[in-house]
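Each remark here refers to the structure printed beneath this line.
Letters A, B, ... mirror the listed sequences (proteins, then strands); counts begin at 1.
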Amino acid sequence: AQSVTQPDIHITVSEGASLELRCNYSYGATPYLFWYVQSPGQGLQLLLKYFSGDTLVQGIKGFEAEFKRSQSSFNLRKPSVHWSDAAEYFCAVAAEGAQKLVFGQGTRLTINP
Amino acid sequence: NAGVTQTPKFQVLKTGQSMTLQCAQDMNHEYMSWYRQDPGMGLRLIHYSVGAGITDQGEVPNGYNVSRSTTEDFPLRLLSAAPSQTSVYFCASSYSGVHEQYFGPGTRLTVT
């Protein structure tokens, strides 16, 4: 069965600094990979997704993620964070063609002014 | 479009009580799903539906029932609430499978 690990429960960065959130997945074939963001008290919003093709995917709000098959990773990056990026971030994986999504535990991002 | 709506926003139940969490979407999405969110555990899939009349179990289905009589609605029923069901519940929908799911605002449920 597929699984997702987000090693960092909580990350704090300064406004304007770069950001990388880690995500490792476990799945034998090529997975569908997603990053979602949850602002406090809100539902989740899709940031970006990878299905196939170019391993560097661009998303909304200036985020990007890189799929590395050899490392089973799909890390999320942003070159310069803004205070409004403070939220919880979830990585998720689905088996190709599957109807079920498996989420990681989430990483809470705090931004220092 | 209202997107995905959930009612109620908050609910407190006593152990053994039953209730239905409502979920509706106006995007004509075929796929709908229910998740529960607990601290440190991310979101876990409870049940999902790929279309009207078709439902299936997710990762944590015990204690929950669903039905899908229309494309728009996907209610989640707790038949006999237990404290372990204290959680935040999210409904989501998408045009197909797990591709870009749109999430509702959530229902915070407390069972005492």
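- Proximity to chain B involves both the backbone and the side chain of A:Leu44, based on heavy atoms less than 4.5 angstrom apart.
- Linking ILVMFWY residues whenever their side-chain heavy atoms come closer than 4.5 Å, directly or via other members, leaves A:Phe90 and B:Tyr102 in distinct clusters.
- Proximity to chain B is absent for every atom of A:Gln45, based on heavy atoms less than 4.5 angstrom apart.
- Around atom CD1 of A:Ile9, no more than 12 heavy atoms belonging to other residues, nucleotides or ligands sit under 6.0 Å away.
- Under the 4.5 Å side-chain contact rule for hydrophobic residues, A:Ile11 and A:Ile111 share a cluster.
- Taking 4.5 Å as the limit, some side-chain heavy atom of B:Glu100 sits within range of a side-chain heavy atom of A:Lys49.
- Here the closest heavy-atom approach between residue A:Leu101 and residue B:Gln101 is recorded as CD2-NE2, 3.3 Å.
- Under a hydrophobic-cluster definition in which Ile, Leu, Val, Met, Phe, Trp and Tyr are linked whenever side-chain heavy atoms come within less than 4.5 Å, directly or via other members, A:Phe103 and A:Phe34 are assigned to the same cluster.
- Residues of residues 30-56 of chain B that come within less than 4.5 angstrom of chain A, heavy atom to heavy atom, are B:Tyr31, B:Tyr35, B:Gln37, B:Gly40, B:Met41, B:Gly42, B:Leu43, B:Leu45, B:Tyr48, B:Val50 in numerical order.
- By the rule that hydrophobic residues join a cluster once side-chain heavy atoms approach within less than 4.5 Å of another member, B:Val4 and B:Phe90 end up as members of separate clusters.
- Hydrophobic cluster membership is shared by A:Ile60 and A:Val57, with clusters built from Ile, Leu, Val, Met, Phe, Trp and Tyr side chains linked at under 4.5 angstrom.
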